[in-house]
Asks: 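Just passing along the structure, written as structure tokens.
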Amino acid sequence: MHTTNKQHTLTRRSFVTSLATGALVIGFDPLTRLWITPAEAATGIDFDTLPPLDGTLHLDDATRDEYAQDYGQIIHERPRAVLKPGSVRDISLVVKFARRHGIRIAARGQGHLPYGQAQVEDGIVVDMRTLQTVHAIGDDRMEVDAGCQWRTVVETALARQLTPPILPTFLGLTVGGTLSIGGISEATYEHGAQVDNVFQLEVVTGNGEIVTCSEQQHRDLFEAALAGQGQCAIITRAVIRLVPAFASVREYALPYADLPALMRDGNMLAEDERFNGVSAFVFPQPDGTWRFFLVAISYWTLPDSPDDSALLSGLGFLAGAQQITDYAYGEYVDPIPELPFTQGRPDLALLVPGSAAADFVAAVLPRLAANDLGTSDFVELFFWKRSRFTRPLFRIPDEPTCVGFVTLRTPTSDPAIVERMLSGNRALFEQNRSLGGTHYPFSAIPTSRHDWKRHYGGQWGRLVRAKHRYDPGNIFASGPDIFGRND
Ligand SMILES: Cc1cc2nc3c(=O)[nH]c(=O)nc-3n(C[C@H](O)[C@H](O)[C@H](O)COP(=O)(O)OP(=O)(O)OC[C@H]3O[C@@H](n4cnc5c(N)ncnc54)[C@H](O)[C@@H]3O)c2cc1C
């Protein structure tokens, strides 16, 4: 018997929806063709030497303050200027200007990373969201501006019964933002990350050149931009893969009595791929115990429908306690309307080697406590095969399988609690690294260049070569600013 989604709370949608809890333009006036720059003197840089832009450059305090915020509310770096580009040419001009003046620059989508990754102190932030055109759509691909939200991509694709195979939980994120770190979902176990589903990019390099790249053309640049954390180029357009969309999603929320049974079944499902997506949720209870759920999905379109008993056979969930819910596809993939930037959120995402994952998670859960590593609202686990990942800078452990361990920290306004969570994150990061694990850059972890060298391992040389070639002035300061000037 299937339920409608309105009647129950035991669903992935309800898990992830629980996340959602809270200027003056100074620029080139296209009419007068004059710069409006009252704050310019304060910045010490003569922006008058910039050629006219199609968009606007903002130097006022209110805008600069606004771009010193992000989802995590931990880091606040105030830029000297904010570019809202009216064209890719604008980005190219401002990159050339920044290089000439030695100003650092960071692209920004929605600012939904937790640790200042889209901020740059005293530099220039490029707000990619002013460029969000869908340029073309075909049977298996769509060409979009990097500033497009995934919601726009999905709406446009669904109008043709198509969809990207991998979508983030929050469709407000930008295409360029997720392609810069990887882009994962419960369907990653079948399709890899979003970066594995890109045909071509257009980027602006640190020289200000506008370059089209792909596996066939400037491959080193293509592979440095995908999951490259904005270190070598700004992505301005992407040609992304589309697949046929099913009409509906059936979601199976399966409660488990304990972690070993949950981990065993998660790994088994990653192996046999009977579902279209799988992840697990672990929730803390007031008495210090945890509740465990496996959430699996199956896509379908009438007249076909999923065979529940075949899909659930052999799984060790608490029989009789499962919930099976049907959604329209478009409704299922868009569970979070908007997230306000209000409190500190030092979230953490680790990729744990498959052989060590069950013990690692079992040891960590009891330590996610206020007086130890800090609390979490919930932990989400993903079960992946290494063979699904193809991009060199998306770092996963060197084992056939791995488990994604994502802890969504309890939001807080108390700096001391944030500090404790950051130390906790660092401890978990090191513990996982000593097991051969890596991390997903959706993470608030204090890191050094040495940490990043270890993270990239055998790909470090590739990244450094691309950095020298495509950003020789070292102006891109996106992400963790791996090549920061003070390091
Ligand atoms: C509620 C929520 C749900 C999430 N769900 C998922 C999920 O399901 N899957 C997943 O993988 N991640 C998820 N994330 C993490 C998300 O992938 C990252 O937060 C994503 O990078 C943010 O996208 P953004 O558009 O906000 O980019 P920003 O945070 O603005 O930027 C991300 C990084 O990329 C750089 N950057 C941005 N645009 C460009 C560009 N065009 N060219 C080069 N560099 C650029 C920035 O400088 C920054 O370092 C989630 C985050 C939140 C807050």
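Atoms within each ligand, like the ligands themselves, are counted from 1 in listed order.
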Asks: Do the charged groups of Arg345 and Asp377 touch, with an N to O distance under 4.0 Å?
Replies: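 No, Arg345 and Asp377 are not salt-bridged.
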Asks: When you measure from atom 10 (C) of ligand 1 to each heavy atom in Ile166, Leu408, Ile184, which option holds the nearest one?
Replies: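 The nearest heavy atom belongs to Ile184.
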Asks: Evaluate the side-chain proximity of Ile124 to Val120: yes if any heavy-atom separation is below 4.5 Å, no if none is.
Replies: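 Val120 does not reach Ile124 side chain to side chain.
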Asks: Should Phe429 and Trp452 be marked as a ring-ring contact (aromatic ring centres under 6.0 Å, His included) after you check the CA-CA gap, both sets of side-chain angles, and the distance that decides it?
Replies: CA-CA 12 Å; Phe429 162 77; Trp452 287 102; 8.0 Å; no
Asks: Closer than 4.0 angstrom: is that true for some heavy atom of Gly182 and an atom of ligand 1?
Replies: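 It does not; every heavy atom stays at 4.0 Å or beyond.
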Asks: Go through ligand 1 atom by atom and flag the ones less than 4.0 Å from a non-hydrogen atom of Gly176.
Replies: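 Once the distances to Gly176 are compared, the set is 38 (N), 39 (C), 41 (N).
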Asks: Does Gly111, backbone or side chain, put an N or O under 3.5 Å from an N or O of ligand 1?
Replies: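 Such a contact does occur with ligand 1.
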Asks: Looking only at distance, does Ser478 have an N or O less than 3.5 Å from an N or O of ligand 1?
Replies: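 Looking only at distances, the answer is yes, because the N/O contact criterion of under 3.5 Å is met.
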Asks: Just distances here: any N/O of Gly479 and N/O of ligand 1 closer than 3.5 Å?
Replies: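 Among all N and O atoms of Gly479, at least one is under 3.5 Å from an N or O of ligand 1.
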Asks: Considering Phe170, Phe442, Phe341 one by one, which has a heavy atom nearer to atom 51 (C) of ligand 1 than any of the others?
Replies: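 Considering heavy atoms of Phe170, Phe442, Phe341, the nearest to atom 51 (C) of ligand 1 sits in Phe442.
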Asks: Just which atoms of ligand 1 are under 4.0 Å from any heavy atom in Met128?
Replies: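 Matching atoms, with element in brackets: 41 (N).
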Asks: At a 4.0 Å threshold, what atoms of ligand 1 neighbour a non-hydrogen atom of Ser180?
Replies: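 Ligand 1 atoms under the 4.0 Å threshold to Ser180: 34 (O), 36 (N), 39 (C), 40 (C), 42 (N), 43 (C), 44 (N), 45 (C).
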Asks: Is it the case that Glu202 and Thr236 place a side-chain donor and acceptor less than 3.5 Å from each other?
Replies: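 There is such a pair between these side chains.
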